[in-house]
Amino acid sequence: ARISVTRSVIRYTTNAVRVASPSNIGNSRINLGSSLVADNEWAWVVFGTGATFASLGDNQISGNGGVSGTRSALPPD
């Protein structure tokens with residue numbers, strides 16, 4: 001599954017971005033661009049070998065409690 005999110009505000013949540021590949025079966029991907037991720041308990045949580053969080057690099061990410069997993073760079077077209 002793949003989800004692309006652009007020009008959005010994600011604030012005051014537990015997990016702003018959560019990508020999971022339960023039991024390491026299949027692939028899950030979230031692409032995020034031109035968005036604000038602020039004041040959440042976790043900015044992102046990524047788990048499972050098939051899970052990917054890709055950031056376009058133009059997001060504002062601040063004031064969050066922590067991160068879990070890796071954020072990958074998504075090059076612009």
Side-chain angles (χ1 to χ4, degrees):
R2 181 176 59 197
I3 297 172
S4 295
V5 179
T6 59
R7 297 185 185 113
S8 298
V9 175
I10 306 171
R11 291 185 77 185
Y12 305 120
T13 67
T14 301
N15 301 315
V17 177
R18 181 182 172 102
V19 190
S21 178
S23 303
N24 298 322
I25 298 172
N27 295 314
S28 300
R29 179 184 183 108
I30 294 181
N31 301 328
L32 185 69
S34 301
S35 296
L36 171 67
V37 177
D39 306 316
N40 301 287
E41 286 186 40
W42 293 91
W44 65 82
V45 175
V46 180
F47 66 94
T49 56
T52 304
F53 169 39
S55 174
L56 193 56
D58 59 352
N59 300 296
Q60 297 174 347
I61 300 175
S62 65
N64 299 289
V67 300
S68 177
T70 304
R71 174 180 59 173
S72 303
L74 183 66
D77 285 338

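These numbers come from a predicted model, not from an experiment. Sequential numbering from 1 along the given sequence is applied to the chain's residues.
Using modelled atom types, no side-chain atom of N40 and backbone atom of N15 make a donor-acceptor pair closer than 3.5 Å. The main-chain N or O of A20 is found under 3.5 Å from a side-chain atom of S28 such that the two form a donor-acceptor pair. No donor-acceptor pair under 3.5 Å is formed between the side chain of N31 and the backbone N or O of L74. Checked by atom type and distance alone, the side chain of S35 pairs as donor or acceptor with a backbone atom of S8 at under 3.5 Å. Looking only at distances, a side-chain donor or acceptor of S21 sits under 3.5 Å from a matching main-chain atom of G26.
Considering N59, V9, L32 in turn, L32 is the only one that fulfils the side chain to side chain contact (heavy atoms under 4.5 Å, CB included) rule with V37.
Taken together through direct or relayed side-chain contacts under 4.5 Å among Ile, Leu, Val, Met, Phe, Trp and Tyr, V67 and L56 form parts of separate hydrophobic clusters. The cluster map of Ile, Leu, Val, Met, Phe, Trp and Tyr, joined by side-chain heavy atoms under 4.5 Å apart, puts V19 and V45 in different clusters.
In this structure, Y12 shares a hydrophobic cluster with no other residue, the cluster being traced through Ile, Leu, Val, Met, Phe, Trp and Tyr side chains under 4.5 angstrom apart.
Contact check for F53 versus R18: no side-chain heavy atoms found under the 4.5 Å cut-off. By the 4.5 Å heavy-atom criterion applied to side chains, F47 and S68 are not counted as neighbours.
N27 and R29 share no donor-acceptor pair across their side chains, judged by distance under 3.5 Å alone.
The minimum heavy-atom distance between T52 and S72, with the atom names listed, is CG2-OG, 4.2 Å.
In this structure, the separation between CG on L36 and CD1 on I10 is 8.5 Å, given to the nearest 0.5 Å.
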Worked verdict on R71 versus V17 for side chain to side chain contact (heavy atoms under 4.5 Å, CB included) | CA-CA 10 Å; R71 174 180 59 173; V17 177; over 6 Å; no
